[in-house]
Number of protein chains: 2
Amino acid sequence: MSISSRFSVGIHILALIEINKNGTSTSEFLAGSVNTNPAVIRKIIGMLKGAGLVKVQPGIAGAELAKNLSDITLFDVYKAVNVVQEKELFSVHDNPNPDCTVGRNIQAAIVPVFEAAQTALEKSLGNVTVEDIVNDIIEKENIS
Amino acid sequence: MSISSRFSVGIHILALIEINKNGTSTSEFLAGSVNTNPAVIRKIIGMLKGAGLVKVQPGIAGAELAKNLSDITLFDVYKAVNVVQEKELFSVHDNPNPDCTVGRNIQAAIVPVFEAAQTALEKSLGNVTVEDIVNDIIEKENIS
DNA sequence: CTAGTTGTAACTATGATGGTTACATGTAAT
DNA sequence: ATTACATGTAACCATCATAGTTACAACTAG
């Protein structure tokens, strides 16, 4: 199991739009950097747009940021690209036997723990902004 | 995406072995409570055994706990049933374009953040033992 | 009207999941 | 020993998500 790379691609897209802000970030341009198909990029950009992170218009070349990158956390991107359903990071076996003590209580006992773990994950993602990522990229770039 | 229910089933198995400690927990018995196939249970028990959480012997009916449940955290179970690879909860797109500033630095910038988030998740699971789950089940049982 | 772009749908290959059946291996009791 | 019953695995299947690909309609600007 692994969380879809749509998430990392989404971050890549936002970072690149920023760094390429003087140019035009078409899906083809972005696809060249991510190294995938433009249609894949357009699909993800559509999700980012749906979350209000990006501005795009049919027929007009290029995507732009809809917010300041310091106002976009990785958690925002994570939600935008829909890689994990709310409260459903962990799947719980359904239909445990209600005639068994464990069977009829396991879900109620486990679910809150799973949700707490998922929240811990998401809170961690919420502590980092895409701007942090861009700054990190620039810094790494200047060092090497 | 969702983390395999092997995890919740693994917890169910350990809890039920405990609660049924005066009886014999065969794969068929456990399968009846989880509501799945005995072969599925045996596969998961094999993993729990590999992690030293459970004792089973070919030909001899029943699985037993190899440790005190208060010494088994949900993180131990999570590792045992191998639902998430180490440091690979999030997948990162491979082969980003090295000729692009973002492409050649995105992985290095993102991976530590992803690992931190995964660690937060796992730490949260490490705070709960299977004994806690069993106690919760018993409590819920007595209330209703 | 043309060229170029976005937005989508349809289709494919791949891999994980969860289940099922079957059977070899092993234990214990008669 | 033979029988009955468990475990340990392998093989196979249906289902689903992922990621990619192609194709094309809709739209904009020159």
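All heavy atoms count here, side chains included; hydrogens, waters and symmetry mates do not. Here is the naming used below: chain letters follow the sequence lines, and residue numbers restart at 1 for every chain. Here the structure is a predicted model, which is why all the values come from computation and not from measurement.
- Note: CD1 (B/I3) to C1' (C/dG18) measures 17 Å, nearest angstrom.
- Comparing B/P58 and B/N82 by the nucleotide of DNA chain C that holds the closest heavy atom to each, the one mapping nearer the 5' end is B/N82.
- Distance CD1 (B/I13) to C1' (D/dT7): 14 Å, rounded to an integer number of Å.
- Residue B/T36 is in sugar-phosphate contact alone, with no base atom involved, counting any heavy-atom pair closer than 4.0 Å across all strands shown.
- Test B/I133, B/I72, B/V81 against B/I11 for side chain to side chain contact (heavy atoms under 4.5 Å, CB included) and you get one pass: B/I133.
- Remark: C1' of D/dC5 and CZ of B/F29 are 17 Å apart, rounded to the nearest angstrom.
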(message) side-chain hydrogen bond (donor to acceptor under 3.5 Å, both in side chains) for A/N127 and A/S124? Distances and angles first, verdict last.
(response) CA-CA 5 Å; A/N127 288 333; A/S124 173; 5.4 Å; no
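- In this structure, the nucleotide among C/dT6, D/dT7, D/dA19 sitting nearest to the side chain of B/T26 is D/dT7.
- Counting any heavy atom pair closer than 4.0 Å across all strands shown, A/S5 reaches sugar-phosphate atoms only and no base atom.
- Rounding to whole angstrom units, CG of residue B/N37 and C1' of D/dA6 are separated by 14 Å.
- Although no hydrogens or angles enter the test, the distance criterion places no donor-acceptor pair under 3.5 Å between the side chain of B/E64 and the main chain of B/S25.
- One can place CZ of B/R6 at 7 Å from P of C/dG18, the figure rounded to the nearest angstrom.
- Atoms NZ (B/K55) and P (C/dG26) sit 21 Å apart, rounded to a whole Å.
- In summary, of the residues considered (A/L53, A/V130, A/L65, A/L48), a side chain to side chain contact (heavy atoms under 4.5 Å, CB included) with A/I17 occurs for A/L65 alone.
- For the pair A/Q57 CD and C/dT6 P, the interatomic distance rounds to 11 Å; values are reported in whole Å.
- In this structure, the nucleotide among D/dG20, D/dT18, C/dT27 sitting nearest to the side chain of B/M1 is D/dT18.
- Phosphate contact (OP1/OP2 of C/dA16, side-chain N/O of A/S2, threshold under 4.0 Å): absent.
- Within residues 39-52 of chain B, the residues having any heavy atom closer than 4.0 Å to DNA chain D are, in order of number, B/A39, B/R42, B/K49.
- Going from atom CZ of A/F7 over to atom C1' of D/dT18 covers 17 Å, rounded to whole Å.
- In this structure, A/Y78 and A/F7 have perpendicular ring planes: the angle between them is above 60°, well past the 30° mark.
- In this structure, the side chain of B/K55 does not engage the main chain of B/A66 through any donor-acceptor pair within 3.5 Å.
- In terms of modelled atom types and a separation under 3.5 Å, the side chain of A/T129 and the main chain of A/T73 share no donor-acceptor contact.
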